[in-house]
Structure formats: C-alpha cells, structure tokens
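As structure tokens, the structure follows; a few thoughts come after it.
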Amino acid sequence: MFAPLAGKPVLAHTLHAFQRCDGVDGVVLVGPSGDDEAGLVAFARDAGFTKPLRVIQGGATRQESVWRGLLALPDTADIVAIHDAARPLITPELIQRTVEAARADGAALAVAPVVDTLKAINANGFAVNTVDRDSLRAAQTPQTFRVPLIRAAHDRARSDGVEATDDAALVERLGHPVRCVEGDRRNLKITTPEDLFIAEAVLAEDRRRAAMAESQATSIPDGQEGGAPLPRIGFGYDIHRLVPGRRLVLGGVEIPHSTGLDGHSDADVLLHAAMDALLGAAGLPDIGHLFPNTEERWRGASSRALLREVMRRLHGEGYRVGNLDVTLIAERPKIAPYIPAMRQALSEDLGIPPGAIGLKATTNEGVGALGREEAIAAHAVALIVRRY
C-alpha cells in the first residue's frame, strides 16, 4: 500500500479516487494486523481524504478482513463498495457505476474482457483444450453490494467453512445474481514491481495528455463562443483482396457471396476505413499499430469489436463522433439492400443516430483490380468533437 507511485504512495492514489466519487459518503480502511490505526488515519488526512474515515485491523485472510470491515460499517450504510487498496488507478466513474448497479440489482462487480487466448492444460503441462473466452471476464474491484446481502453472504460462508477468492462468489452461493459492470483494463492490481512500472507509465501518459489538452485550449483560438475546441476531421482508406473460402463482412453485416475479404481479422474493409478516419481525427495511431496482424489475439476478430475498442480510446481522449461518411467501392455484390443493417450496426457502436451516418456504394467501372472484382476498397471521413 505504501510503495511509491508517481511521487505518492499507492494507497494515496486509491483514497483520492474515493474522495472524488460523489456516491461515496465514507470509508472503512482495513489495515494489516499490527498497523498503527492512528497513523493510518493521519496518513489518509495528509493525502487529502476528508470524508468520514474509520481504520480497523484486518484478519489472517482477505475474507476475514472484509468481514471485519463489514461489521465496522455505520448503521446508516445501505450500499458498500469493497475495493482492493492496491488498485490505485480506479476512477470515480467506475466506482459510481458499481454503486448504481448495486442499488438497482443488489450486487455488482467491475469486470474486464479477457484478451489472451486461454488454454486448459493437463497434469503433465500439455495443452488439452482452448477455452472460449467470449463469455469470460476478469473480475476486478470494486465489488459493490447492498449491506444486508453481503453480510448474509459472508455469514453463510463462515458457517459453512467456505473461503472464496472474492466477495461476489459468496453472494453467488446464496443464489443471488451479480450484475457485471464494464470495468477498466487500467484498473490493475499492484502485485509485482513490474505492475508499478506499468502504473507509472499510465499516470505519466495521463499527465502528458492533460498538459497537451491544456496547451491546446489556451493556445489555439477557434473563434467559437465560449472558446470551445474546433471539431476535428479524419480520413481513412482501406482495401482488401477478395479470395475464396472467406466470409464477406462489410459494415458489420455478413453478405452472401462467392468470395470474401482476406485479412488477419474478419477484414471488414468498411469498418477498417472508418476506424482509421476516427483515429486520424483524434491524432491516435492507426489500426495497423493498435491491432497488428502479428498478434494472434486479433486473428479472426470481429471488426465491430475492434471499432468498440477504438471508441473506448476516443472517449478516453475526450471525444465523441459527430458524423461518419463512407464510400464503398465494389463491382459486386450489390450493397444497397444491406445498407440499413450496416447503418444500424454503426449507430450502435458509434453512439450516434443512423441519420448521422452516410453510407454509399459505387463501382470502379471495370477499371483496375477493383473493377476486375479482385478487391473491395472503402474511403471514410469522420468528424469528432469534444464530449464536454
């Protein structure tokens, strides 16, 4: 908890996030057995934590420590968020999402997608099966609950002699569903020295972006009322060969055809051009850098999933999409019947109405590789604006 991170102890970063979360009224800090409780209170105050705070000593296991923390909650507490102090990059927004989900459904936890291919192995260390990761998520904290529910779950586990690796598992034993809330891959747990290096890099990048945004806001006048930043425009282009034995996926829609587009992912040339336009507008690396064909995890990936990752990055930079215009160049098949479905898919992934999406298809009049039906290409223009 006290390892230095960007000039402050890890715990100070964690407390700062809970200080800034409006949904948090106070904190019970469960420290290791033998820690100076008064010293931890003084530490928290010095770190700028001003909300009600109680410090207690934990038990021999994480589960026992959480139980003691639950018993120390004030009588007025209706929702409790249980968080690892060693996750210093937690954001107030993620804390609040779990609080709202627990208030609605009784139990919620933050989860992140599993990005690595998972293998089941036998006792001899040989891979015996590749695990489908589409339905798998990595559990994070906060794990947030109605207080009576999580107390009942811990009480049952104590009676049954059950130890679990997280609190959501104890609630699941009661048969109560646990809502999964989209977490954040940055919300890493500091476990090894290497984790500290990663967290340092994340915070350094945050500081760089904040400084750049401040510099742009003060040095680039745009003539708009209130000094709002100018919209930004990006251009994208992509082309893929047509080959037998591949599905043809365009705009997130599978289209029956005798050939499909060749590529490391599903080779959706329309979405690839759109992504490059969005990334270019934000000044971010293109899809070749973000999703290189040298990485096995992107093999056969849905371009809609890649687009959602691009949108996550755009939102992280503070942008939203204003509109998108795409022109597809293909001799065959006829694209017009599929444009409404493409527009709907893009609307869902971009978070804009279908009317803000222009989709057009044209031929190359028999000229060149496109005209000979050897390939399909797409041009895209995107406009992005600040979210706030």
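Heavy atoms only: backbone and side chains are in, while hydrogens, waters and symmetry mates are out. Everything quoted here is computed from the prediction, not taken from an experiment.
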Could you tell me whether [X] and [Y] make a salt bridge, using a distance below 4.0 angstrom between a side-chain N and a carboxylate O?
{"X": "R146", "Y": "D105", "result": "no"}
{"X": "R173", "Y": "D160", "result": "yes"}
{"X": "R247", "Y": "D268", "result": "no"}
{"X": "D166", "Y": "R62", "result": "no"}

Return yes if some donor-acceptor pair links the side-chain N/O of [X] with the main-chain N/O of [Y] below 3.5 Å, else return no.
{"X": "R133", "Y": "V115", "value": "yes"}
{"X": "D286", "Y": "G288", "value": "yes"}
{"X": "R137", "Y": "D134", "value": "yes"}
{"X": "R54", "Y": "A72", "value": "yes"}
{"X": "N187", "Y": "T141", "value": "yes"}
{"X": "T327", "Y": "H379", "value": "no"}
{"X": "K360", "Y": "I329", "value": "no"}
{"X": "H83", "Y": "R87", "value": "yes"}
{"X": "D262", "Y": "L242", "value": "no"}
{"X": "E64", "Y": "G58", "value": "no"}

Would you give the length of the straight line joining atom [atom1] of [X] to atom [atom2] of [Y], rounded to the nearest 0.5 angstrom?
{"X": "R158", "Y": "Q63", "atom1": "CZ", "atom2": "CD", "value": "8.5 Å"}
{"X": "L170", "Y": "H176", "atom1": "CG", "atom2": "NE2", "value": "14.0 Å"}
{"X": "E309", "Y": "S303", "atom1": "CD", "atom2": "OG", "value": "13.0 Å"}
{"X": "K51", "Y": "F18", "atom1": "NZ", "atom2": "CZ", "value": "9.5 Å"}
{"X": "L109", "Y": "Q143", "atom1": "CG", "atom2": "CD", "value": "5.0 Å"}
{"X": "Y237", "Y": "H272", "atom1": "OH", "atom2": "NE2", "value": "14.0 Å"}

| task | For E331, enumerate each residue passing the side chain to side chain contact (heavy atoms under 4.5 Å, CB included) test, keeping only those at least two apart in sequence or located in another chain. | result | T363, N364, E373
| Which residues pass the side chain to side chain contact (heavy atoms under 4.5 Å, CB included) test with P354, sequence neighbours left out? | R343, Q344, S347
Distance-minimising heavy-atom pair for [X] and [Y]:
{"X": "V131", "Y": "L136", "answer": "CG1-CD1, 3.7 Å"}
{"X": "R246", "Y": "L261", "answer": "NE-O, 2.9 Å"}
{"X": "V99", "Y": "I79", "answer": "CG1-CG2, 4.3 Å"}
{"X": "A6", "Y": "E200", "answer": "N-OE2, 2.9 Å"}
{"X": "A382", "Y": "L278", "answer": "CB-CD2, 3.6 Å"}
{"X": "E317", "Y": "L284", "answer": "OE2-CD2, 3.7 Å"}

Would you say the side chain of [Y] lies within less than 4.5 Å of the side chain of [X], judging by non-hydrogen atoms?
{"X": "L174", "Y": "R156", "value": "yes"}
{"X": "V385", "Y": "R320", "value": "yes"}
{"X": "D78", "Y": "V147", "value": "no"}
{"X": "I239", "Y": "L370", "value": "yes"}
{"X": "L73", "Y": "R151", "value": "yes"}

| task | Quick one: do D206 and R186 satisfy salt bridge (Lys or Arg N to Asp or Glu O under 4.0 Å)? Show the steps, please. | result | CA-CA 11 Å; D206 287 346; R186 294 162 38 114; 2.7 Å; yes
Looking at [X], I want to see if its [atom1] is surrounded by more than 12 non-hydrogen atoms of other residues, nucleotides or ligands under 6.0 Å.
{"X": "R312", "atom1": "CZ", "answer": "yes"}
{"X": "K8", "atom1": "NZ", "answer": "yes"}
{"X": "R179", "atom1": "CZ", "answer": "no"}
{"X": "R308", "atom1": "CZ", "answer": "yes"}
{"X": "E295", "atom1": "CD", "answer": "yes"}
{"X": "D22", "atom1": "CG", "answer": "no"}
{"X": "R45", "atom1": "CZ", "answer": "yes"}

| note | The side chain to side chain donor-acceptor pair (under 3.5 Å) partners of E365 (sequence neighbours excluded) come to none
| query | Mind checking who shares a hydrophobic cluster with I190, ILVMFWY linked at side-chain heavy-atom distances under 4.5 Å? | reply | L5, V10, L89, L188, L196, I198, V202, L203
| query | Members other than V128 in its cluster, when Ile, Leu, Val, Met, Phe, Trp, Tyr link by side-chain heavy atoms under 4.5 Å? | reply | none
| message | Before you tell me yes or no, could you show the steps for D266 and E254 under side chain to side chain contact (heavy atoms under 4.5 Å, CB included), namely the whole-Å CA-CA distance, both residues' side-chain angles and the distance that decides it to 0.1 Å? | response | CA-CA 10 Å; D266 63 7; E254 184 167 351; over 6 Å; no
| Would R103 and E100 count as a salt bridge (Lys or Arg N to Asp or Glu O under 4.0 Å) if you check the C-alpha gap in whole Å, the side-chain angles of each, and the deciding distance to 0.1 Å? | CA-CA 5 Å; R103 199 176 299 282; E100 292 170 357; over 6 Å; no
| field | Stepwise side chain to side chain contact (heavy atoms under 4.5 Å, CB included) test for I376 and L248 | value | CA-CA 10 Å; I376 293 178; L248 179 61; 4.1 Å; yes
| message | Quick check: F43 with F2 (ring centres under 6.0 Å apart)? | response | yes
| field | In one Ile/Leu/Val/Met/Phe/Trp/Tyr side-chain cluster, 4.5 Å: Y338, L324 | value | yes
| Out of curiosity, does V269 fall in the hydrophobic cluster containing V249 (side-chain heavy atoms, cut-off under 4.5 Å, transitive links)? | no
| Would E93 and R97 satisfy salt bridge (Lys or Arg N to Asp or Glu O under 4.0 Å), going step by step from the backbone distance to the final call? | CA-CA 6 Å; E93 294 77 17; R97 287 205 298 272; over 6 Å; no
| Can T50 and Q19 be said to form a side-chain hydrogen bond (donor to acceptor under 3.5 Å, both in side chains), step by step? | CA-CA 7 Å; T50 62; Q19 172 72 28; 2.9 Å; yes
| query | Under the side chain to side chain contact (heavy atoms under 4.5 Å, CB included) criterion, do M311 and L350 qualify, and how do the steps go? | reply | CA-CA 7 Å; M311 289 303 302; L350 298 178; 3.7 Å; yes
| request: Name all residues meeting the ring pair (Phe, Tyr, Trp, His ring centres under 6.0 Å) criterion together with F291; count only those two or more places apart in sequence or in a different chain, and write none if there are none. | output: W298
| field | Steps toward side chain to side chain contact (heavy atoms under 4.5 Å, CB included) verdict (L383, D325) | value | CA-CA 9 Å; L383 180 143; D325 189 28; over 6 Å; no
